[in-house]
There are 2 protein chains.
Amino acid sequence: MSARALPYRPHDHDACVSQAMADARAICQQHGARLTTTRERVLEIIWQSHKPLGAYDVLAKLASEGHSAAPPTVYRALDFLQQYGLVHRIASLNAFIGCAHAGELHTGMFLICRCCGNALELTTTSVSKAIHEAASTQAFRSESVILEVTGLCPNCQAEQPDE
Amino acid sequence: MSARALPYRPHDHDACVSQAMADARAICQQHGARLTTTRERVLEIIWQSHKPLGAYDVLAKLASEGHSAAPPTVYRALDFLQQYGLVHRIASLNAFIGCAHAGELHTGMFLICRCCGNALELTTTSVSKAIHEAASTQAFRSESVILEVTGLCPNCQAEQPDE
DNA sequence: CTGAATTTGCAACATTATAACATTCGCAGA
DNA sequence: TCTGCGAATGTTATAATGTTGCAAATTCAG
Ligand SMILES: [Zn+2]
Ligand SMILES: [Zn+2]
Ligand SMILES: [Zn+2]
Ligand SMILES: [Zn+2]
């Protein structure tokens, strides 16, 4: 679980993928969960980029590889992967992305570029803290947090200076 | 734009609704926007409770009143209402809720009870600040924030002590 | 009144997600 | 090795959510 490259910058993405797959295998092993071929392949497809990918995009990719699957196959694999914290669902996009902090207990905050489509997952203590404190002031017991920030990543700001 | 009652507690909800409708009329007037019959009725339906309501639920409600509408009617009204900050979309529920801070420039944070379904909108400066600071550390220019916390509201905690 | 712009009606369609049930697979114990 | 059980997958159909495109109606300024 080492530090990850910034998705926006060119980087050795194969390293991202192999790290993620290694983490996944370790986590499943550790929990006695079965990372089957389909599940593993779905995870790899999700990790093919740092852009959140729709379930039907995953399905299409599987189909293009000759694995003719139906929606439930993909959704079930995604459910499994979410359960073990290997992927996150991005509610504002109805899409899924590989977790950059698998194995660590965390609440992801996503910075999603509306221009290039890449998403960066952060875990910022000060943010989590502020959120839980705010919930506490209402005597609300928070269980899960969805935090998705849309905007422009550094690269795309440079390309379209203002608007 | 006075203070609002807590949605969880019994309260004079008619007052919530009439306040919201009055705010809506004022805001539309102020912007030269037309709060037509359909739009007004959709807003009222959304405000019928503090539980986020699906677009098709609104549609059904309209239908039950004899107004036979199709999905685009509802979605268009909702788009309009969102544009003027009168309702928010809850991405994690595919549902809509009346804005409790219409007219104020704000980013809502929602506390959604998974038990009773009520949602409370907060605007907490410390949270917004932490989020924007976190985004800044990545040189990310944030434009919109979705923050939805799911958990148990005070009432429902009392009813199901632990789990 | 007239014409342009906004709003609504309507039909079809696209996308995302789930239900229900049959079949196959992996693995542990006989 | 065989057998049986539970987990996983395949398959079909369907539900739920959201959109496109175009025609008709409404509103409002001039
Ligand atoms: Zn990468
Ligand atoms: Zn994560
Ligand atoms: Zn109320
Ligand atoms: Zn609001």
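Chain naming here is simple, since letters A, B, ... match the order of the sequence lines and numbering starts at 1 in each. A quick note: this is a predicted structure, and the numbers were derived from the prediction, not measured. For the numbers below, each heavy atom of this structure counts, side chains included, while hydrogens, waters and symmetry mates do not.
Distances were taken from every side-chain heavy atom of B:F96 (C-beta onward) to each of D:dG18, C:dC10, D:dT11; the shortest belongs to D:dG18. When distances run from any side-chain atom of B:R34 to the nucleotides D:dT19, D:dT27, C:dT18, the shortest one goes to D:dT27.
Summarising the geometry, the separation between OH on A:Y75 and C1' on C:dT16 is reported as 4 Å, rounded to the nearest angstrom. Here the P atom of nucleotide D:dA7 and the NE2 atom of A:H31 are 17 Å apart, to the nearest Å. A:L93 has its CG atom 19 Å from the P atom of D:dT17, to the nearest Å. To the nearest angstrom, C1' of C:dT7 lies 13 Å from CG of B:L35. Following rounding to the nearest Å, A:H67 (NE2) and C:dT24 (P) show an atom-to-atom distance of 15 Å. Per the geometry, CG belonging to A:L53 stands 10 Å off P belonging to C:dT16, to the nearest Å. With rounding to whole Å, B:Q82 atom CD is found 12 Å from D:dG18 atom C1'. The separation between B:L81 atom CG and C:dT7 atom C1' is 14 Å, rounded to whole Å.
Looking only at side-chain heavy atoms (C-beta outward), A:L62 and A:V42 come within less than 4.5 Å of each other. Side-chain contact between A:R114 and B:S144 is absent, with no heavy atoms from C-beta onward closer than 4.5 Å. Side-chain contact between B:I131 and B:L147 is present, with at least one heavy-atom pair separated by less than 4.5 Å.
Under the stacking criterion of a centre-to-centre distance below 5.5 angstrom and an interplanar angle below 30°, B:Y56 sits stacked against the six-membered ring of D:dT17.
Of the two residues contacting DNA chain D, namely B:A55 and A:A70, the nearest-nucleotide position lying further toward the 5' end is that of A:A70.
If you check every strand for non-hydrogen atoms under 4.0 Å, B:R76 touches a base. Using a 4.0 Å heavy-atom distance criterion, A:R39 is classed as a sugar-phosphate-only contact.
Within the structure, every side-chain polar atom (N or O) of B:N94 is placed at least 4.0 Å from both OP1 and OP2 of D:dA16. Distances shown here put a side-chain N or O of A:T36 below 4.0 Å from the OP1 or OP2 atom of D:dT9. The shortest distance between the side-chain N/O atoms of A:T73 and the OP1/OP2 oxygens of D:dG10 is below 4.0 Å.
A:Q83 and A:D79 share no donor-acceptor pair across their side chains, judged by distance under 3.5 Å alone.
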I'd like to know whether A:H50 forms a side chain to side chain contact (heavy atoms under 4.5 Å, CB included) with A:C16, so could you lay out the CA-CA distance, the side-chain angles of the two residues, the decisive distance to 0.1 Å, and finally the verdict. CA-CA 10 Å; A:H50 293 275; A:C16 290; 3.6 Å; yes
